[in-house]
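Heads up: the structure comes next, in structure tokens.
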Amino acid sequence: KQEVTQIPAALSVPEGENLVLNCSFTDSAIYNLQWFRQDPGKGLTSLLLIQSSQREQTSGRLNASLDKSSGRSTLYIAASQPGDSATYLCAVRQSTGGGADGLTFGKGTHLIIQP
Amino acid sequence: DTGVSQNPRHKITKRGQNVTFRCDPISEHNRLYWYRQTLGQGPEFLTYFQNEAQLEKSRLLSDRFSAERPKGSFSTLEIQRTEQGDSAMYLCASSPRTSGAFSYEQYFGPGTRLTVT
């Protein structure tokens, strides 16, 4: 059974710092990995999608990398801003086993950017 | 395109009552997914549809849970005889049809928060 782990569970940094969020998964047989942002009491906003054949994706101040063989992904946030405060979730789409198209999520990293 | 919408946004019900949630996906998205999220956890996959066909339902939490997508457009998730443990956020997502190993992003709605008293 696929398990997704996100470290750290919580992070608080001053505004302007660069930071890295980590995601690991136990089964490397994935089609893709997706990073989301979730604000309190809200739904999920997709940030980046990395196909299994790709190594990284970039969008603005965000860069996500994928090392499928080692079961790891990182989300790099440059020049953090208070508006980046949210919970960041990592999810994988399995290529084997049951559940076909459903995503398996980690518990998230709760990020606070101090003004 | 207004994105994925869900109704109601909040639902409070008494234990033992039935509840139904609605999800309207992004137009022309073939795939529609349901997830449940409890406090402090990531979303948990429940079921999904391709058009009107329900392709995976083994992850539904019990036989009290059922979902439909009768015309391949909107979907409903019903919980019968609700229990306090059903209190959670129920999230819907949609995506275009995948093509083998290539996948599109799943786009999520705002969720329906269920409270069972």
Side-chain angles (χ1 to χ4, degrees), chain A residues 1-7 9-10 21 23-25 28-54 57 59 64 66 68 86-110, chain B residues 3-7 9-10 21 23 25-26 29-51 53-60 67 88-113 115:
Chain A
K1 178 185 172 185
Q2 176 74 270
E3 292 185 3
V4 179
T5 303
Q6 292 187 244
I7 294 173
L21 307 183
C23 172
S24 63
F25 46 95
S28 62
I30 64 169
Y31 280 134
N32 63 50
L33 183 144
Q34 199 166 348
W35 282 94
F36 294 89
R37 166 189 175 133
Q38 186 172 33
D39 294 289
K42 306 290 186 182
L44 280 63
T45 300
S46 179
L47 298 174
L48 290 164
L49 171 70
I50 309 178
Q51 305 291 345
S52 61
S53 58
Q54 297 175 323
Q57 281 288 328
S59 176
L66 174 63
K68 182 182 163 184
T87 296
Y88 290 80
L89 292 155
C90 162
V92 297
R93 177 181 172 234
Q94 202 68 24
S95 62
T96 59
D101 216 32
L103 297 174
T104 301
F105 282 83
K107 293 184 179 181
T109 293
H110 181 55
Chain B
V4 179
S5 62
Q6 292 187 244
N7 287 288
R9 295 291 307 277
H10 302 274
F21 311 138
C23 171
I26 293 171
H29 275 191
N30 301 88
R31 296 204 167 186
L32 186 149
Y33 311 81
W34 285 99
Y35 294 82
R36 182 182 81 158
Q37 186 177 26
T38 53
L39 199 61
Q41 303 295 314
E44 175 186 14
F45 171 65
L46 298 178
T47 187
Y48 87 105
F49 295 84
Q50 179 166 301
N51 299 313
Q54 190 173 12
L55 299 185
E56 173 61 54
K57 52 183 177 181
S58 66
R59 305 292 181 89
L60 287 168
M89 175 81 88
Y90 291 84
L91 295 162
C92 175
S94 71
S95 77
R97 179 176 180 171
T98 59
S99 175
F102 183 84
S103 305
Y104 295 91
E105 293 170 83
Q106 292 189 21
Y107 295 88
F108 280 75
T112 294
R113 180 165 296 284
T115 302

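Keep in mind that this is a model prediction, so the values were computed, not measured.
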Could you check whether A/Phe105 and B/Tyr35 have their ring centres less than 6.0 Å apart?
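So the answer is yes for these two rings.
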Tell me the closest heavy-atom pair linking [X] and [Y], and the distance in Å.
X	Y	answer
B/Pro43	A/Leu89	CD-CD1, 4.2 Å
B/Glu105	A/Gln34	CB-NE2, 3.4 Å
B/Arg113	A/Gly41	NH2-CA, 4.3 Å

Against chain A, label B/Glu44 side chain, backbone, both or neither, depending on which of its atoms sit under 4.5 Å from a heavy atom there.
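No part of B/Glu44 comes within 4.5 Å of chain A.
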State the CD-CD distance between A/Gln38 and B/Gln37, to the nearest 0.5 angstrom.
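The CD atom of A/Gln38 sits 4.0 Å away from the CD atom of B/Gln37.
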What part of A/Leu44 gets closer than 4.5 Å to chain B, counting heavy atoms only: side chain, backbone, both or neither?
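Interface part for A/Leu44: both.
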Region of A/Gln6 that comes under 4.5 Å of a non-hydrogen atom in chain B:
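Neither; nothing under 4.5 Å.
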Of all of B/Tyr107, B/Phe108, B/Trp34, which one pairs up most often with chain A through heavy atoms under 4.5 Å apart?
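Highest number of heavy-atom pairs under 4.5 Å: B/Phe108.
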